[in-house]
Trainee: 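First the structure, which I've put down as structure tokens, then a few questions once you've had a look.
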Amino acid sequence: MNYDLIVLLSKLRQVENMDQLQEVKEFAETVLRREKNYALLTLMAVADEFGEEEITGTLDKLRNHLNKL
């Protein structure tokens, strides 16, 4: 399990008031932003290695699948 996720769950369990909840929300947004950046960097590396067509084709398939849901 991701260390940040463990920390987030721990912080969430300790929330006692709205101010603490806001702090946890901000932390969660930071973690999510970082994970999105890692995902984008991974996609860029794969595109560089295999070509953009491989990435765009796969993303189009995923988008079509999600639209059907």
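Note that these values count all heavy atoms, side chains included, but never hydrogens, waters or copies made by symmetry.
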Trainee: Do V7 and V31 sit in one hydrophobic cluster, given that two such residues count as connected whenever their side-chain heavy atoms are within less than 4.5 Å of each other, even indirectly?
Mentor: yes
Trainee: Do L21 and L12 have side chains that approach each other closer than 4.5 Å (heavy atoms only, starting at C-beta)?
Mentor: yes
Trainee: Got N17 and Q20 here, is their nearest side-chain heavy-atom distance under 4.5 Å?
Mentor: yes
Trainee: Rounded to the nearest 0.5 Å, what separation is found between the CG atom of L5 and the CD atom of E35?
Mentor: 9.0 Å
Trainee: Do you know the tightest heavy-atom contact between D4 and F27?
Mentor: O-CE2, 3.9 Å
Trainee: Output the distance between atom CG (L66) and atom CG (L62), rounded to the nearest 0.5 Å.
Mentor: 4.5 Å
Trainee: Between E26 and Q22, is a side chain to side chain contact (heavy atoms under 4.5 Å, CB included) present by the stated rule, with each step listed?
Mentor: CA-CA 6 Å; E26 290 170 4; Q22 183 62 32; 3.4 Å; yes
Trainee: Supply the atom-to-atom distance M18 CE to E23 CD, rounded to the nearest 0.5 angstrom.
Mentor: 12.0 Å
Trainee: Looking only at atom types and distance, does a side-chain atom of N64 sit under 3.5 Å from a main-chain N or O of D60, one as donor and one as acceptor?
Mentor: yes
Trainee: Within this structure, what is the CZ-OG1 distance for the pair R63 and T56, rounded to the nearest 0.5 Å?
Mentor: 9.5 Å
Trainee: Could you give the distance from CG (L32) to NZ (K36), rounded to the nearest 0.5 Å?
Mentor: 4.5 Å
Trainee: How about L8 and V24: do any of their side-chain heavy atoms sit closer than 4.5 Å?
Mentor: yes
